[in-house]
Amino acid sequence: MNGETGVLDERGGTAAGTAGDLARQAGDLVAELMAKPWGQVSPSVYETGRLVTLAPWLVGHRERVAYLLARQRADGSWGAPDGYALVPTLSATEALLAAAARGEGDTARLRQAAEAGLRALRPLLEQASELPDTPAIELIVPSLVALVNEHGLGEPLPLPAGMDTTRLGLVRRLLESGGEPPQKLLHVLEVAGGGTGAAAVRPTPIGTVGASPAATAAWLERLWPGGAAPADSADSARRHLEAVATRYGGPVPVGLPITVFERGWVLSWLARAGVPVDVPPEMTADLRAAIGPDGTPAGAGLPADADTTSVALYALALLGMPCDPEPLSVFDTGRHFCTWQGEDGRSVSVNAHVLDALGAYVRARPAAREAYGPVMERVAGWLAAGQGPDGSWSDRWHASPYYATLSCALALGEFGGPGHAPAVLAAREWVLATQRDDGSWGRWTGMPEETAYAVQTLLLGGPTPDNRHKEAALRGAAFLRQVDDFSDYPPLWHDKDLYSPTAIVRAAVLAALYVTETRI
């Protein structure tokens with residue numbers, strides 16, 4: 001394919017170019033990672049709503065309220081379909097009620113929007129038989145339902161069937177005891193309520209609590225109501241919140257910083273697709289230094305996890321700096337790898353990335369096969385056993401099956417051995433069968449991000465793609481070239497709210513366009 005392709009410009013749209021232009025765009029993207037070390041993440045309705053309630057004193061408050069009003073859907077809800085609207089709608093509705101109770105701005109407009117949110121919430125709660133597996137949803141929903149009900153408007157909202165306040169009560173008692181909470185709990189400190197023993201919590205050196213604006217604001221508000229913090233770690237936390245709010249013009253993301261997570265994914269997407277890019281040596285040095293004996297977190301304030309550790313290790317191996325994956329052993333359950341110790345569920349994408357990391361290291365250090373070969377075989381078998389009858393995979397860290405399917409198909413195709421070739425072919429058949437008429441792919445609508453994953457599934461890893469795969473990939477690339485504004489599409493990544501790690505998504509699209517440009 002020698003014609004022009006579409007590339008992502010700095011606004012997230014497309015511009016005409018060839019493979020060389022794509023490589024230059026990738027270089028610009030990597031340079032952005034250095035210029036914005038905290039990461040690039042879309043704003044969150046959930047997180048922004050919590051700041052409206054918890055930190056009305058923080059710079060950008062009016063803009064946060066305006067953001068919530070502008071993001072409300074015609075039916076009164078916020079967020080995506082299939083249960084994903086519940087958490088952001090609870091947060092936004094409660095935030096607008098709180099703002100109205102304080103007498104802010106156009107109180108009638110705030111109450112009108114909040115009442116529409118309340119009308120949308122009741123069916124969301126009553127019909128929520130299968131909520132998405134987003135982090136801490138069993139804590140967030142009971143906490144927000146209670147807050148909404150405290151406003152005393154009409155009949156109290158119910159909890160979804162099968163959900164109660166037991167776990168939330170345990171968490172609050174743990175925090176009230178004054179003991180140091182588990183690090184992963186800090187990311188949702190805002191659920192703790194007014195009686196929390198926040199004095200046991202300390203912000204990171206950059207001022208964040210749990211890599212979460214809402215958690216940081218909750219910590220500040222519990223210790224120093226109104227944000228009147230002294231010049232110590234609390235002042236550092238306030239300054240961090242101000243920096244985040246200023247950067248986004250008021251609204252805030254669900255998690256920041258995501259430094260290691262972003263760099264690992266961007267570099268691995270580009271390197272796996274063969275996109276030539278000069279990576280600053282300080283970036284790879286920082287990535288290597290982030291991996292300790294127990295792995296690495298996605299960013300400051302978060303616990304180490306197997307996913308970020310695996311992708312960082314894989315990226316380093318692709319860049320010619322293979323590092324022993326021994327830190328992953330702390331996440332090995334004996335059957336599969338957990339995201340972190342104490343994880344309730346299990347993730348196929350995490351295990352696919354573990355297989356990538358182990359396989360890339362063994363490829364670079366063949367003598368390591370004796371130690372890691374049996375683990376690779378076990379993980380590959382576990383992944384294959386989790387494939388759906390239609391050839392796809394689903395995962396707890398992403399709303400789209402195209403992300404999970406790409407992760408598993410690439411890992412099995414590259415490091416699973418010939419015995420798992422049928423699983424890769426089945427994944428490609430599923431991708432072929434689900435392409436939309438306009439050449440795109442997507443769970444809810446044709447999406448650039450999901451189309452990029454589908455194209456890579458068809459062309460990268462495993463058996464050589466046939467003409468059907470190539471033709472479908474070309475149609476997908478044509479769709480990507482026609483997209484003018486990638487910000488119009490909903491986020492797909494799981495956190496407390498759905499979010500988009502925008503630099504990572506841009507890297508995925510660049511990788512898809514590059515492989516169609518150079519391999520067909």
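These numbers come from a predicted model, not from an experiment.
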> Are Leu498 and Val87 side-chain neighbours, meaning at least one heavy-atom pair lies under 4.5 Å?
Replying inline: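 No. Closest side-chain heavy atoms not under 4.5 Å.
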> Sub-3.5 Å donor-acceptor pair from the side chain of Ser347 to the main-chain atoms of Asp395, do we have one?
Replying inline: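 No.
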> Counting only N and O atoms by type, is there a donor-acceptor contact under 3.5 Å from the side chain of His187 to the main-chain atoms of Gly210?
Replying inline: yes
May I ask you to check whether [X] and [Y] show a side-chain donor-acceptor distance below 3.5 Å?
{"X": "Tyr402", "Y": "Arg443", "result": "no"}
{"X": "His336", "Y": "Asn351", "result": "no"}
{"X": "Glu343", "Y": "Thr339", "result": "yes"}
{"X": "Ser212", "Y": "Lys496", "result": "yes"}
{"X": "Tyr489", "Y": "Ser500", "result": "no"}
{"X": "Glu450", "Y": "His398", "result": "no"}

> Between Val505 and Trp493, which heavy-atom pair has the shortest distance, and what is it?
Replying inline: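 Nearest pair, atom of Val505 first, then Trp493: CG2-NE1, 4.0 Å.
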>> Quick check: closest heavy atoms across Val148 and Glu94, and the distance to 0.1 Å?
In response: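 It is CG2-CB, 3.6 Å.
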>> Are more than 12 heavy atoms, taken from residues, nucleotides or ligands other than Arg436, located less than 6.0 Å from that residue's CZ atom?
In response: yes
